[in-house]
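What follows is one structure encoded as structure tokens, with my remarks underneath.
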Amino acid sequence: MDTNKDKNAPMASGKTQATEAPWAGIHIGEECTGAEILMRALYQENVRTVFGYPGGAIIPVYDKLYTYTQKSSPWFDHILVRHEQAAAHAAEGYARVSGEVGVVIVTSGPGVTNTLTGVADAMMDSIPMVVIAGQVGVGALGTDAFQEVDLVNMAQPISKWSYQIRRPEDVAWAVNRAFYIAKSGRPGPVVLDFPKNAQVGKAKWLPGKADKVKSYIPYPKINEEAVKQAAELINSAKKPMALVGHGVEISQAQEELKQLLETADIPAGLTLLGLSVLPTDYPLNVGMLGMHGRYSANLKQQECDVLIAIGMRFDDRVTGNLDKYAKQAKIIHLDIDPCEIDKNVKTDVAVIGDCKESLTALNKLVKKTSHTDWRESFKPLDEQEQREVIDRDLHPTAGPLLMGEVVNAVAEETKGDAVLVNDVGLNQMFSSRYFKFNQLRSIVTSGGLGTMGFGLPAAMGAAFGAPDRTICLFMGDGGFQMSIQELGTIMEHQVPVKMIVLNNNYLGNVRQWQDLMFDHRHSFTRMVNPCYEDIARGYHIPYDVVIEREDLQAKVAKMLATDGPYILECAVKEDENVQPMVTPGSAIDEMKLHLDI
């Protein structure tokens with residue numbers, strides 16, 4: 001059901017088209033309101049899609065949006081979410097697949113505090129986003145006025161920059177600076193607090209551009225001596241291994257990475273956020289790292305003699321017990337953020353800078369070599385995991401449906417070309433382990449913060465950011481219900497997200513930990529769920545359910561062949577566990593293929 005087909009043309013193109021600037025006839029230097037200046041500054045920053053929710057303190061901005069989102073002059077596509085947190089997650093999804101800055105506009109008080117979970121999520125995962133929030137007028141600040149919060153100080157610890165625009169004269173400057181900070185260097189979220197007086201007051205329209213900020217060095221100069229030392233370690237290595245993260249994708253350094261790996265014959269493990277940096281079937285790709293990653297990729301970190309971390313931050317879910325981590329290896333760390341160097345793992349050589357520049361410099365010094373025996377040593381571990389875990393997960397012959405086989409059915413049908421979006425929990429781990437990737441920017445997931453409810457709005461944003469790609473969203477029944485109201489947004493815009501609900505009637509990941517470490521005491525993890533078919537019918541979204549294994553492939557094919565959104569509920573095994581696992585407190589090479597629970 002498409003109630004707004006014409007207005008929502010961006011689902012077909014991803015961007016609105018126009019022949020002249022939306023402020024044609026209003027000359028530079030003329031006076032206009034701060035809200036009008038905001039529209040022009042956003043347009044100058046190449047913003048065409050905005051996610052938001054109106055409210056009293058942001059009405060002047062929404063009044064201007066009304067002008068520029070009408071059919072006669074659709075310069076912005078405004079996507080009305082059903083909850084402000086969803087706006088932030090949608091902006092994250094949009095940014096992850098498009099490489100552009102996600103934009104959110106909300107009101108003051110609870111409107112913007114609802115977005116702060118998304119801001120923190122974007123900060124942890126280095127996602128470029130700009131949040132613009134209404135605020136009470138400057139004269140009312142500090143009086144506990146209706147829906148007033150101290151946003152700048154609330155947002156400061158979880159954003160790259162937070163700033164209050166107190167005058168209309170400062171609007172263009174603040175927006176230009178916000179976008180520069182959000183997308184340069186290590187990306188992240190920026191929060192702009194926009195008091196009402198600055199929205200309605202008038203100033204001259206003076207467009208600008210930010211290309212530097214005092215004391216902010218987004219792209220550190222590469223230290224040539226450090227590059228030389230790193231190359232010497234790689235050239236002398238007998239068992240090198242690379243750990244590849246999201247930073248490689250951010251810097252668009254995939255080809256430089258491949259050159260390094262192929263020249264020096266280095267096997268590479270991928271972090272959760274970096275899973276689409278290399279194709280799944282790339283010969284030197286040894287799979288996902290970390291708590292539920294590949295068996296060989298984890299164990300071999302404890303055997304390699306030179307470990308090269310590229311655009312990753314040594315997250316605890318990757319390293320396991322730091323006291324026991326990679327003590328035998330020389331550590332090389334390539335990262336743009338100096339704060340990440342030696343934060344978790346002590347490095348022998350640090351190359352601080354943009355990954356593309358660092359890898360380009362390194363490739364000039366790295367010698368052609370072969371490590372066939374070292375690479376071959378991964379295979380027995382891979383074969384063991386295949387026999388004991390993967391075959392069981394993907395090709396069961398009896399019993400209830402398993403999460404892995406559902407993921408595999410979708411992955412096989414989409415042939416590695418779809419975008420994987422997932423929520424948090426068992427659905428996230430199974431889908432990340434078994435989905436297939438052929439293209440860059442193909443995974444949208446909440447890594448550092450692990451935000452339940454992330455998946456549905458992030459998938460919406462991904463659909464607007466990559467309208468020509470298939471968006472496959474995996475959710476558990478818990479995460480789905482945390483943002484289920486966004487089915488309203490999906491209905492309104494007919495957002496073509498393929499929603500796969502892995503329903504096990506539990507908060508499955510917490511239940512697994514309760515079984516493993518808390519004597520099977522399922523304290524409030526059992527879910528009493530609604531009828532998802534009735535909910536889908538209420539939102540006019542096609543729905544089907546898979547209970548029997550023999551129906552899975554056909555129903556997955558039907559879902560993918562259906563235009564627009566689709567909900568496929570899969571009744572999966574209730575007490576299924578994701579394995580292998582590095583249990584909390586264990587070293588990474590103490591990973592268990594089978595959990596004794």
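Atom set for the values below is all heavy atoms of this structure, side chains included, hydrogens, waters and symmetry mates excluded. By convention here, the first residue in the shown sequence is residue 1.
Using modelled atom types, one finds no donor on one side chain facing an acceptor on the other under 3.5 Å when comparing E357 with T360. Between R317 and T271, the side chains place no donor N or O within less than 3.5 Å of an acceptor N or O (distance only, hydrogens not considered).
Under the side-chain contact (heavy atoms from CB on, under 4.5 Å) test applied with S432, the options N427, L272, L273 reduce to a single match, L272. The side-chain contact (heavy atoms from CB on, under 4.5 Å) test with M129 singles out one residue from V190, V103, V119, V191, and that residue is V119.
Using a cutoff of 4.0 Å between basic side-chain nitrogens and carboxylate oxygens, E45 and R40 are not scored as salt-bridged.
Here side chain to side chain donor-acceptor pair (under 3.5 Å) pairs that include residues 103-115, with residues two or more places apart or in two chains, are E84-N114.
For K356, the side-chain hydrogen bond (donor to acceptor under 3.5 Å, both in side chains) partners at least two apart in sequence or on another chain are E256.
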Salt bridge (Lys or Arg N to Asp or Glu O under 4.0 Å) between K64 and E36, worked out: CA-CA 6 Å; K64 289 302 176 182; E36 175 76 30; 3.5 Å; yes

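Relative orientation of the F480 and Y532 rings is tilted, given thresholds of 30° and 60° on the angle between their planes.
The distance between the ring centers of H89 and F51 does not fall below 6.0 angstrom. Aromatic ring centres of Y163 and W173: separated by under 6.0 Å. Aromatic pair Y68/Y43: ring centres not closer than 6.0 Å.
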